[in-house]
Number of protein chains: 2
Amino acid sequence: MNKEVNFKTYTISELAKAFDVTPRALRLYEESGILGPKREGNRRIYFERDRVRLRLLLRGKRLGYSLAEIKELFDVYDSNSGEEGQLRLLLENMEDKKKKLEIQKVDVEAALQEIERITKKARKALREIAAAKK
Amino acid sequence: MNKEVNFKTYTISELAKAFDVTPRALRLYEESGILGPKREGNRRIYFERDRVRLRLLLRGKRLGYSLAEIKELFDVYDSNSGEEGQLRLLLENMEDKKKKLEIQKVDVEAALQEIERITKKARKALREIAAAKK
DNA sequence: TTATTGATTGACGTTTACGTAAACGTAATA
DNA sequence: TATTACGTTTACGTAAACGTCAATCAATAA
């Protein structure tokens, strides 16, 4: 019921600061076809939609996806016509991503366990040093 | 009890094939100070130790670490003198890595859930198409 | 003995994801 | 009105992680 709430906008540097990236990066993401801010004259003006996409983009990056892969994902999702072929394509795509993510999950788990192992060993060694000191 | 079992060796291309990387990559990992194969004359000769390190290296890569970060991890671990300062440093380092991994875990979980959501939606749409076809 | 096979060391090329600087426009502020 | 702050495009630079030759050597198979 309130335009100022529903249509909050951001300048490039505001959005950059909010997500701890540089304006340069945001321009690059736009050039890569992932973000598409409106213009107010010359200036870029970002809406909530851009925030959402940026958040997903950054998560994708943390997961190790390239900008090209991320764009592809958005494209597949955006361009979904609801037509059968498209839907099957999307499902196939999702299946692929899922497999990769399951592998990642295992990798993360394994790394955490290894850290746990090393940490315990180190703590034990420290306790022994402390005991010897006395 | 058997030398041939305990000291199985690999040529560069054997190891490369086994891990689905190129020889070029293995040479790079060596240049980066992560692998350190022995030499037999001129030829590189890889032992089990290298296999282990390579496996960890590749997992690190899948998790998004750079070669420099991976080398650093190995260094911290290898060079552990058991001296108190070193141990504390190692623990601190492990704590950092752990935090990052926990974030990754959340990211992976979130991505998987999103995939689940999209997949369900797509399947539903497909069912509706199938129903309408009849 | 002569190919062939596999390895070696350069060294230059390539892609990705930005950083950085130049040259300029615009709007508010002193 | 001059300065400051923030934005724009254009373009060159850069670090990482290899790919891709080229030239060379060594052992082995034919």
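Near DNA chain D, meaning a heavy atom under 4.0 Å from it, residues 13-24 of chain B has Thr22(B), Arg24(B) in order of number. Against DNA chain D, the stretch residues 60-69 of chain B makes heavy-atom approaches under 4.0 Å through Lys61(B), Ser66(B), Leu67(B). Within residues 31-46 of chain B, the residues that place at least one heavy atom under 4.0 Å from DNA chain C are, in residue-number order, Arg39(B), Asn42(B), Arg43(B), Arg44(B).
Every residue was checked against the side chain to side chain donor-acceptor pair (under 3.5 Å) condition with Glu83(B), not counting sequence neighbours, and none meets it. Under the side chain to side chain donor-acceptor pair (under 3.5 Å) criterion, Ser32(A) pairs with no residue, sequence neighbours left out. With sequence neighbours excluded, the residues satisfying side-chain contact (heavy atoms from CB on, under 4.5 Å) with Asn80(A) are Gln86(A), Leu87(A), Leu90(A). By the side-chain contact (heavy atoms from CB on, under 4.5 Å) test, Lys61(B) is found to be paired with Tyr29(B), Leu57(B), Leu67(B), Ile70(B), residues two or more places apart in sequence or in another chain being considered. Residues forming a side chain to side chain donor-acceptor pair (under 3.5 Å) with Arg59(B) (at least two apart in sequence, or on another chain): Glu114(A). Remark: Thr119(A) engages no residue in a side chain to side chain donor-acceptor pair (under 3.5 Å) (not counting sequence neighbours). Taking Phe47(A) as the reference, Phe7(A), Thr9(A), Lys38(A), Ile45(A), Asp50(A) meet the side-chain contact (heavy atoms from CB on, under 4.5 Å) condition, with sequence neighbours excluded.
Applying the under-4.5 Å side-chain rule to Ile, Leu, Val, Met, Phe, Trp and Tyr, the cluster around Leu89(A) consists of that residue alone.
Bounding nucleotides for the chain B contact on DNA chain D, 5' to 3', at a heavy-atom distance below 4.0 Å, are dA17(D) to dT20(D).
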